[in-house]
Amino acid sequence: MYDFKKIENKWQQFWENQKTFNASNDSKKPKYYVLIEFPYPSGVGLHVGHVRSYTALDALARKRRLEGYNVLFPIGWDAFGLPAEQYAIKNKIHPKDAVKENIKTFKKQIQELGISFDWDREFSTTDPEYYKWTQWQFLKFYEHGLAYKAKKDINWCPNCKIGLSNEESSGGVCERCGSSVVQKEKEQWMLKMSEYAEPLLTGLDDTDFQEKIKTAQVNWIGKSVGANIKFKIADTDENLIVFTTRPDTLYGVTFMVISPEHPILETLKSKIKNYDEVVDYQKESKNKTDFERAELNKEKTGVKLNGVYAINPANQQQIEIWVGDYVLMNYGTGAIMSVPAHDDRDYEFAKKFNIPIVEVIQGGDITKEAYKGEGPLINSGILNGINTKVEAIDTMVEYLEKQNLAVRQTNYKLQDWVFSRQRFWGEPIPMIHCDECGWVPVPTTELPVLLPDVVNYEPTDNGESPLAAIEDWVATTCPKCGGSARRETDTMPNWAGSSWYWLRYMDPHNNQTFASKEALNYWGQVDWYNGGMEHATRHLLYARFWNQFLHNIGLVPNSEPFKIRAAHGMILGANGEKMSKSKGNVINPNDIVNELGADALRTYEMFIGDYEKEAAWSTNGLKGCKRFLDRVWRLQEHINDKSGYTLEGLVHKTIKKVTNDIENMKYNTAIAALMILLNEYEKQDSITKQDLLILITLLNPIAPHITEEINALNNLGKPLCDSTWPTYDDSKTVADEYEMIVQVNGKVRGKEIVSTSSSKEKMEEIAMNIENVKRYIDGKEIVKIITIPKKMVNIVIK
RNA sequence: GCGAGAGUGGCGGAAUGGUAGACGCGAAGGUCUCAAACACCUUUGGUAGUAAUACUGUGUGAGUUCAAGUCUCAUCUCUCGCACCA
């Protein structure tokens, strides 16, 4: 019937030749910046999931262009990272070559879909011209005291003798050899993201992120307000400071627990009578992975410190101190006050080790479980008689503050960002270590610090980055004193390159700076950013942190990088499970493109269901969409030479529906509306050119190739990509007549076609005279009549 | 455990508090054909009825309302995110 392959190639060529989708940095039009999360070009090629989000945002971008905006809709590649490194090691090639191949495949696949990206702005995070600026920005962090080195645990496989990423050590076992992963301490570069916890939280108010995404961010930042309280250690000058959100329960504190890594253990060494036992416990928990330690339902373990006691500052009682690995060193102060009566974990611990449980909040049954609700305070000295939590907390903190035993404190779960990876395939951290001068930044004139072109970059067996083994590369001179020095061999994490890429798109070829002031000011914020839910926490936080920092040092105009952040749902296999090779339910988008065309695939993926929800693949559904496009194509055979709209009301209604639905990412109902329009057109003997033009214009953002071709074949006007988005007249969306619904006591008893201009009285009169309605109301008392103009009449009888 | 979201035909899914099931798929019957495929037409939540129509129906149970898939409360189930965070 028509050769979709030929048509799609033709228009893709046309757009490319005409540079239709190239954004201009000096346009009089209003700007609009549409961004999709750039892909990691894996060896497997494009996934149908990519097609869903790319098409959705493509439709938005295309519509915005027709509406007269200067649209920036770019794409690039997030190509550093482990899979490429491992693939390259396995095949004995350089990762950059592997990446080059993969990008080629991805690019071709994406181009065949007819996504309106501005390919002139394409780059990869692995391009030296790009990572030069990633390194440059790292040095800005360093310059402003936000990058520092600290000892941190890494996941370590004692068998393979290499450091592992969290992904490689999931479940607490090494992905390669299956042995259990331990923690090994190593000096690492860190970024002080914790300093930005509050701005990252309040900044959300300046965005229109989807609510679920805001929530994910808020949870991850994990703000909690409370106090740091000082507990004296009996018979010493030492103190233990704990963080708590519940100072009101202080009288219920019957013991303390400190983390095995807590430094006070060393300080109190001579006082602790069972120090050997403590050391054993420390070793034991060191060998546990984070995973094991955090495993729920696990029985609590701990060791009591013999010979030392703390003093409860509320009632001066001596209480036991325990070491337990359920207390984490990296949150709060690494020590807690335990209130077994009102905390599950403390309750469990106290029960196991026979520690007293003192109830201080009334309302539960503490013989059975910890009580966590509100209630009047009891057994609580100065707090007795207070009924609310807020008041009790305040009273207690004020009481302790006067004695210098407490300070109000806000804590965040958000930690500093571990910015080092012991890997080859990442941006080298541009620092040099000199024995004389310490850490010295690489001068910006010497950026980028390039990755060496070597053949061997297997991980070393001492936990260092593979770069450490490349002596030629490591040995350098100190930029400060000129003496011999060594390069930092750690590389940046995968998240680095994606933490500012949207800025580079604004001015991708600039070799003076990461993006010119003019470009940054012109494009400003990303108006609409789309990505997966899996990146709604970490990537989004890193990107916002990075941008807020650049803003604070005056390099970018906006504090928040993204106005809207939306998330698409996943596309599952036909069996409702996640697509995977092993399950054999993978659909390759390019098979579909070859078989039924890009337009059919695009239309189907937009029609598949609610954009935000996951959806299962259905080949029959796909065929239905292909059928729809075929029917649109056949409309060409029924054009008459009349002018105007044959179905004016419906046309205006459809423009309205499609316009609003694309704005709200309700593509499925937009397409449904177009199907309705088509169904009605088909019922006519023939339609006008305008009728056809309006349908294909509205369909164009979703199925751009076939609509352009129909437009050209029938001389309907200039190419659709150069035309304008239709507007609707609200008054024309209302028909002259409508079907009035008549209910009796809320149940539909009749329908009648009436004029839209009918008055309430007229509507009621008609309603009462419907035969079936009469059957219900005759002889009954009419209590009242509710009449909704242009809709319905409800007669309430007794 | 905490947080977010969702439960509607055989399936994917529509419904500013106002006709539940739009649109699509599938299925059944028909037209075309030697036949099939394609295409086209008709029907399609369930029960009863030739039909008009009636009853019933949005996870479950209450409630608010003239009117509830939609609002409120309770409850169950599922999905996702976070999780020994003090």
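Predicted model, so just to flag it, every value in this text is computed and none were measured. Sequence lines set the chain letters: A, B, ... in the order given, protein chains first and strands last, and positions in each chain run from 1.
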Quick one: label [X] by what it contacts on the DNA or RNA (base, sugar-phosphate, nothing), any heavy atom closer than 4.0 Å.
{"X": "A/Ser618", "result": "nothing"}
{"X": "A/Ser224", "result": "sugar-phosphate"}
{"X": "A/Lys214", "result": "nothing"}
{"X": "A/Gly222", "result": "nothing"}
{"X": "A/Asp610", "result": "sugar-phosphate"}
{"X": "A/Lys413", "result": "base"}
{"X": "A/Ile608", "result": "sugar-phosphate"}
{"X": "A/Glu739", "result": "base"}

- Which letter, B, S or -, goes with each nucleotide of nucleotides 62-74 of chain B from 5' to 3', with contact meaning a protein heavy atom under 4.0 Å? ----B--------
- Message: Across nucleotides 46-58 of chain B, 5' to 3', mark each nucleotide with B, S or - according to how protein heavy atoms within less than 4.0 Å reach it.
- Response: -------SSSS--
To the nearest angstrom, how far is [X] atom [atom1] from [N] atom [atom2]?
{"X": "A/Tyr412", "N": "B/rA86", "atom1": "OH", "atom2": "P", "result": "13 Å"}
{"X": "A/Trp617", "N": "B/rC11", "atom1": "CH2", "atom2": "C1'", "result": "16 Å"}
{"X": "A/Met533", "N": "B/rC82", "atom1": "CE", "atom2": "C1'", "result": "11 Å"}
{"X": "A/Asn664", "N": "B/rA14", "atom1": "CG", "atom2": "P", "result": "13 Å"}
{"X": "A/Trp220", "N": "B/rG81", "atom1": "CH2", "atom2": "C1'", "result": "9 Å"}
{"X": "A/Met396", "N": "B/rA86", "atom1": "CE", "atom2": "C1'", "result": "17 Å"}
{"X": "A/Glu637", "N": "B/rC40", "atom1": "CD", "atom2": "P", "result": "11 Å"}
{"X": "A/Glu614", "N": "B/rG81", "atom1": "CD", "atom2": "C1'", "result": "13 Å"}

- Query: Mind telling me whether B/rG9 is syn or anti, cutoff 90° either side of 0?
  - Reply: syn
When the [atom1] atoms of [N] and [M] are considered, how many whole Å apart are they?
{"N": "B/rU72", "M": "B/rU65", "atom1": "C1'", "value": "12 Å"}
{"N": "B/rA36", "M": "B/rG30", "atom1": "P", "value": "11 Å"}
{"N": "B/rU77", "M": "B/rA27", "atom1": "C1'", "value": "30 Å"}
{"N": "B/rG49", "M": "B/rC41", "atom1": "C1'", "value": "26 Å"}
{"N": "B/rG24", "M": "B/rU75", "atom1": "C1'", "value": "35 Å"}
{"N": "B/rG26", "M": "B/rA4", "atom1": "P", "value": "40 Å"}
{"N": "B/rC73", "M": "B/rA20", "atom1": "P", "value": "26 Å"}
{"N": "B/rG57", "M": "B/rA67", "atom1": "P", "value": "16 Å"}

Hey, are [X] and [Y] close enough for a salt bridge, meaning a charged N less than 4.0 Å from a carboxylate O?
{"X": "A/Lys774", "Y": "A/Asp778", "result": "no"}
{"X": "A/Lys5", "Y": "A/Asp3", "result": "no"}
{"X": "A/Arg408", "Y": "A/Asp394", "result": "yes"}
{"X": "A/Glu369", "Y": "A/Lys351", "result": "no"}
{"X": "A/Arg634", "Y": "A/Asp630", "result": "no"}

Of the options [options], whose atoms approach the side-chain atoms of [X] most closely?
{"X": "A/Leu328", "options": "B/rG12, B/rA86, B/rA22", "value": "B/rA86"}
{"X": "A/Arg631", "options": "B/rA86, B/rC40, B/rG18", "value": "B/rC40"}
{"X": "A/Arg634", "options": "B/rA39, B/rG81, B/rC23", "value": "B/rA39"}

Under 4.0 Å: is that the gap between some side-chain N or O of [X] and OP1 or OP2 of [N]?
{"X": "A/Asn219", "N": "B/rC2", "answer": "no"}
{"X": "A/Asn679", "N": "B/rG24", "answer": "yes"}
{"X": "A/Thr669", "N": "B/rA22", "answer": "no"}
{"X": "A/Arg538", "N": "B/rG81", "answer": "no"}
{"X": "A/Arg627", "N": "B/rA39", "answer": "yes"}

Are [X] and [Y] packed together at the side-chain level, in the sense that at least one heavy-atom pair is separated by less than 4.5 angstrom?
{"X": "A/Leu305", "Y": "A/Leu265", "answer": "yes"}
{"X": "A/Tyr776", "Y": "A/Lys747", "answer": "no"}
{"X": "A/Lys304", "Y": "A/Phe353", "answer": "no"}
{"X": "A/Asp416", "Y": "A/Ser194", "answer": "yes"}

- A/Tyr529 ring centre to A/Arg565 NZ or CZ under 6.0 Å, with the angle to the axis within 45°? yes
- Query: Between A/Met675 and A/Ala615, which is nearer to the 5' end of RNA chain B once each is assigned its nearest nucleotide?
  - Reply: A/Ala615
- For RNA chain B, whose closest nucleotide is more 5', that of A/Thr215 or that of A/Cys625? A/Thr215
- Query: Taking the six-membered ring for Trp, are the ring centroids of A/Phe349 and A/Phe255 within less than 6.0 Å of each other?
  - Reply: yes
- Verify the neighbour count for atom NZ of A/Lys214: are there more than 12 heavy atoms of other residues, nucleotides or ligands below 6.0 Å? yes
- Can you tell me if A/Asn664 and A/Tyr611 form a side-chain donor-acceptor pair at under 3.5 Å? no
- Message: Is a donor from one side chain sitting under 3.5 angstrom from an acceptor on the other, for A/Tyr667 and A/Glu605?
- Response: no
- Message: Treating A/Gln415 as the side-chain partner and A/Lys413 as the backbone partner, does any N or O pair qualify as donor plus acceptor under 3.5 Å?
- Response: yes
- Message: Under 3.5 Å, is there any donor-acceptor pair linking the side chain of A/Lys623 to the base of B/rC25?
- Response: no
- Query: What dot-bracket string describes RNA chain B from 5' to 3', counting Watson-Crick and G-U wobble pairs whose defining distances are under 3.5 Å, with [ ] for crossing pairs and | for pairs to another strand?
  - Reply: (((((((..(((.....[....)))((((((.......))))))((((....))))..(((((..]....))))))))))))....
